[in-house]
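Structure first, commentary second.
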Amino acid sequence: MPSGTVRTRIAPAPSGSIHVGNARTALYNWLLARQHGGVFVLRVEDTDQSRVTQDAFEAVLEDLRWLGLDWDEGPEVGGEYGPYRQSERSDRYRAVAAALEDTGHAYRCYCTAEELSQRRARAQSARRTPGYDGRCRNLTDAERAAFESEGRSFALRFRVPEDRTIAFVDVVRGPIATRSDQIPDFVVRRSDGSPTYMLAAAVDDMAMEITHIIRGEDLVAATPRQLLIREAMGVTETPVFAHLPLLVAPDGKPLSKRWGDVAVSAYRRMGFLPEALVNYLALLGWSFDEKTNIFSVDELITKFTLERVTRNPAIFDIPKLEWLNAHYIRLLPPEALAERLVGVCADAGLPAGSDEGKRLLGLVAPLLSERLKRLEEAPPMVRFLFGPVPPDAKAAKLLDGKRPYLEEVAGALGGVEEWAAGTIEETLRRVATEWDLKPKQAFQPIRAAVTGTLVSPPLFESLEILGRAETLARLTSTP
RNA sequence: GGCCCGGUAGUCUAGUUGGCCGAGGACGCCGCCCUCUCAAGGCGGAGAUCACGGGUUCGAAUCCCGUCCGGGCUACCA
């Protein structure tokens with residue numbers, strides 16, 4: 001285990017809002033760094049220039065910031081190990097590739113893509129291992145010259161040592177050993193001069209002195225190859241490795257857009273709170289004990305350990321996320337909730353941004369806090385505050401023939417001295433008794449007339465917020 | 001095909017130095033209470049032959065062997 005400062009990293013491709021699986025990986029890396037007073041590095045893997053746009057890049061940073069995962073080194077904050085975008089590090093990869101070739105750890109491979117795929121197909125049909133067959137591994141100078149004069153370009157392949165076992169300890173999966181005959185010679189520099197992921201990641205992790213490499217399970221097989229590169233470069237320090245189990249969709253298949261929302265931004269838009277997503281992500285693959293489910297970020301920082309990460313894949317289960325989200329919404333101070341409500345209500349087309357809108361939302365927020373699983377659910381619940389809502393089918397049915405009763409209610413409410421939930425309730429109960437109605441029979445028609453639906457925030461408080469004039473108007477305008 | 005990993009209720013998981021587990025917690029589901037609706041909260045319930053089959057043992061979810069199922073990797077993708 002490396003000593004000194006803990007340095008972890010997340011290395012997303014800047015291809016837009018980050019995948020929730022990557023968000024979890026980022027979270028675990030961040031937690032470990034924070035727990036040890038270490039450094040969390042953000043490195044952008046933008047070698048595939050064609051797919052990178054400035055918007056996509058910004059989206060990644062925005063997601064991370066929204067989740068609260070601040071980075072100590074990386075884009076926008078700098079650091080001693082920069083640059084932090086792979087597209088700006090080409091000279092380093094070039095230098096390492098050249099060094100590997102000079103020391104004989106890598107060699108030129110002149111095989112063309114067509115030749116390789118043909119041989120791979122042949123190997124496969126003959127039930128042989130489909131990996132590179134080592135054809136250019138021991139070319140003579142004459143053969144090399146012949147290829148060169150043909151005008152062939154070449155890729156640089158790593159010369160995997162023979163008869164070796166590459167072993168490392170994965171903190172979550174235990175010891176892992178791979179025989180080198182399982183690893184075909186792999187490309188480190190493409191024929192166009194660009195580095196492959198294998199090279200770039202290994203080089204950057206070495207150069208940035210990353211001490212703990214926490215990443216997805218899909219990269220376990222890449223680890224021995226990166227270890228080989230480190231070794232060839234004379235680096236003896238080995239980072240701690242931890243490979244996280246995959247996140248899968250409810251059908252057990254890998255999480256993909258085909259199933260539903262995989263982007264962090266989608267959850268933000270749906271009204272999930274970052275603290276809820278963070279808590280949920282922490283729980284997907286990790287547990288503290290046999291009964292605790294709720295963890296604040298600070299608790300996660302002190303309690304998280306890689307040793308307690310599980311090895312089996314987890315299904316991304318929205319209902320549990322919603323339960324956590326409801327919990328965190330209830331924890332929000334009313335003013336904070338009101339503030340967030342302004343945004344979602346405005347997005348839903350309600351005039352929530354006005355002073356009056358803000359005033360109304362400030363008043364209803366306490367009534368909504370224990371009724372929301374997602375912020376997105378708020379607009380329909382508060383719509384009645386912004387104007388009359390035509391009764392829906394059920395409300396209309398209930399309203400049928402209630403005109404006399406509602407007139408009576410309006411009259412009684414008109415006489416209330418101080419317009420407040422308490423006095424309103426008193427009055428309405430009195431009328432109910434006079435009409436010999438059970439509470440539910442008495443109040444649902446009023447709710448229907450005023451809100452247009454049979455489900456709303458608590459009635460008396462709702463009427464108080466709506467105001468006397470508007471309440472009376474709606475009660476008496478009922479057909 | 002080869003190498004590696006995983007398999008506890010619908011879901012996330014606890015448990016892995018074998019007995020305290022005739023399997024604990026949470027989400028979801030069902031019911032009751034509370035109640036002006038919906039929630040929240042309280043209480044209770046259903047739901048797991050611990051993938052399957054052998055074996056070791058006084059005793060196995062936990063150890064061994066085999067089988068099945070799922071997944072990852074096996075690219076001049078990352």
Side-chain angles (χ1 to χ4, degrees), chain A residues 11-13 15 45 47-48 109 111-113 116-117 120 123-132 153-157 170 172-174 176-179 181-184 186-198 200-201 215-224 243 245-246 248 250 252-254 280 283-294 308 310-324 326-327 330 367-373 377 381 425 428-429 432 438-448 451 453-460 462:
Chain A
S15 48
E45 305 210 324
T47 42
D48 192 352
C109 170
C111 301
T112 64
L116 289 171
S117 66
R120 188 164 30 244
Q124 227 143 13
S125 59
R127 288 221 179 129
R128 281 184 287 110
T129 311
Y132 184 65
S153 58
F154 58 89
L156 212 55
R157 275 186 195 275
D170 188 304
V172 342
R173 323 183 80 79
I176 295 177
T178 309
R179 276 177 290 111
D181 60 14
Q182 290 299 320
I183 309 171
F186 54 94
V187 172
V188 291
R189 190 184 66 200
R190 301 188 186 90
S191 49
D192 66 0
S194 66
T196 57
Y197 163 79
M198 210 56 71
R215 55 185 8 178
E217 185 196 77
D218 50 331
L219 291 170
V220 267
T223 305
H243 290 96
L246 265 27
V248 298
K253 299 287 179 212
Y280 181 62
L283 249 26
L284 275 190
W286 171 83
S287 66
F288 173 67
D289 59 17
E290 59 178 37
K291 49 188 59 171
T292 317
N293 284 285
I294 308 274
R308 287 194 62 85
T310 150
R311 275 172 292 276
N312 27 7
I315 292 177
F316 195 86
D317 182 55
I318 308 276
K320 185 152 185 176
L321 207 207
E322 288 187 326
W323 171 72
L324 279 166
H327 170 81
R330 270 175 262 135
L367 304 181
L368 294 190
S369 85
E370 63 189 25
R371 271 164 255 267
L372 296 173
K373 289 201 296 282
E377 297 167 341
M381 295 183 182
E425 175 170 7
L428 294 184
R429 287 193 189 278
K438 289 180 180 168
K440 183 174 177 176
Q441 295 172 313
F443 303 148
Q444 282 299 74
I446 302 174
R447 188 189 310 278
T451 71
T453 91
L454 262 27
V455 177
S456 84
L459 186 61
F460 318 124
S462 294

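In what follows, chains carry the letters A, B, and so on, assigned in the order in which the sequence lines appear, proteins first and then strands, with residues in each chain numbered from 1.
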With rounding to the nearest 0.5 Å, note down the distance linking [atom1] in [X] to [atom2] in [Y].
X: A/Arg157; Y: A/Tyr132; atom1: CZ; atom2: OH; answer: 5.0 Å
X: A/Ile446; Y: A/Leu428; atom1: CD1; atom2: CG; answer: 4.5 Å
X: A/Ile315; Y: A/Lys253; atom1: CD1; atom2: NZ; answer: 11.5 Å
X: A/Met381; Y: A/Glu377; atom1: CE; atom2: CD; answer: 5.5 Å
X: A/Thr112; Y: A/Phe154; atom1: OG1; atom2: CZ; answer: 15.0 Å
X: A/Phe443; Y: A/Arg429; atom1: CZ; atom2: CZ; answer: 4.5 Å

Mind calculating the distance between [atom1] ([X]) and [atom2] ([N]) to the nearest angstrom?
X: A/Met198; N: B/rA78; atom1: CE; atom2: P; answer: 9 Å
X: A/Arg120; N: B/rG2; atom1: CZ; atom2: C1'; answer: 15 Å
X: A/Glu290; N: B/rC12; atom1: CD; atom2: C1'; answer: 15 Å
X: A/Tyr280; N: B/rU13; atom1: OH; atom2: C1'; answer: 11 Å
X: A/Trp286; N: B/rA14; atom1: CH2; atom2: C1'; answer: 13 Å
X: A/Arg173; N: B/rC4; atom1: CZ; atom2: C1'; answer: 9 Å
X: A/Ile176; N: B/rC5; atom1: CD1; atom2: P; answer: 7 Å
X: A/Arg311; N: B/rU8; atom1: CZ; atom2: C1'; answer: 14 Å

Could you tell me the Watson-Crick or G-U partner of [N], where both distances fall under 3.5 Å? Say none if there is no partner.
N: B/rA75; answer: none
N: B/rG53; answer: B/rC65
N: B/rA9; answer: none
N: B/rG31; answer: B/rC43

Quote, to the nearest angstrom, the [atom1] distance that separates [N] from [M].
N: B/rU8; M: B/rU13; atom1: C1'; answer: 9 Å
N: B/rU49; M: B/rA61; atom1: C1'; answer: 12 Å
N: B/rG22; M: B/rA60; atom1: P; answer: 10 Å
N: B/rC5; M: B/rC63; atom1: P; answer: 15 Å
N: B/rG10; M: B/rC21; atom1: C1'; answer: 23 Å
N: B/rU11; M: B/rU16; atom1: C1'; answer: 22 Å
N: B/rC69; M: B/rC77; atom1: P; answer: 33 Å
N: B/rC52; M: B/rU62; atom1: P; answer: 10 Å

Taking every non-hydrogen atom, the tightest pair across [X] and [Y]:
X: A/Leu321; Y: A/Tyr280; result: CG-CD2, 3.8 Å
X: A/Ala432; Y: A/Ala442; result: CB-CB, 3.5 Å
X: A/Asp218; Y: A/Leu246; result: N-CD1, 4.0 Å
X: A/Glu322; Y: A/Lys373; result: OE1-CE, 3.5 Å

Taking 4.0 Å as the cut-off, does a side-chain nitrogen or oxygen of [X] come that near to OP1 or OP2 on [N]?
X: A/Arg189; N: B/rC76; answer: no
X: A/Arg308; N: B/rG15; answer: yes
X: A/Ser287; N: B/rA14; answer: yes

* Structure fact -> Whichever of A/Asp192 and A/Ala314 has the more 5' nearest nucleotide on RNA chain B, that residue is A/Ala314
* Asked: When you measure from the side chain of A/Leu284, which nucleotide among B/rA26, B/rA78, B/rC12 comes out closest?
  -> B/rC12
* Produce a footprint string for nucleotides 28-45 of chain B: one letter per nucleotide, 5' end first; B if the base is under 4.0 Å from any protein heavy atom, S if only the sugar-phosphate is, - if neither. => --------BBBBSS----
* Asked: Does A/Ser191 make a side-chain donor-acceptor contact with the base of B/rC76, cut-off 3.5 Å?
  -> yes
Just the atom pairs and distances: protein N or O near nucleotides 70-73 of chain B's N or O, under 3.5 Å.
{"from": "B/rG71", "atom 1": "OP1", "to": "A/Lys253", "atom 2": "NZ", "distance (Å)": "2.9"}

* Asked: Base, sugar-phosphate, or nothing: which does A/Ser369 touch, judged by heavy atoms less than 4.0 Å apart?
  -> nothing
* Mind checking A/Gly285 for me? I need base, sugar-phosphate or nothing, with any heavy atom below 4.0 Å counting as a touch. => sugar-phosphate
* **A/Ser194 versus A/Arg190, side-chain donor and acceptor atoms under 3.5 Å** => yes
* Between A/Asn293 and A/Trp323, does a side chain to side chain contact (heavy atoms under 4.5 Å, CB included) hold up when you go through it step by step? -> CA-CA 11 Å; A/Asn293 284 285; A/Trp323 171 72; 4.2 Å; yes
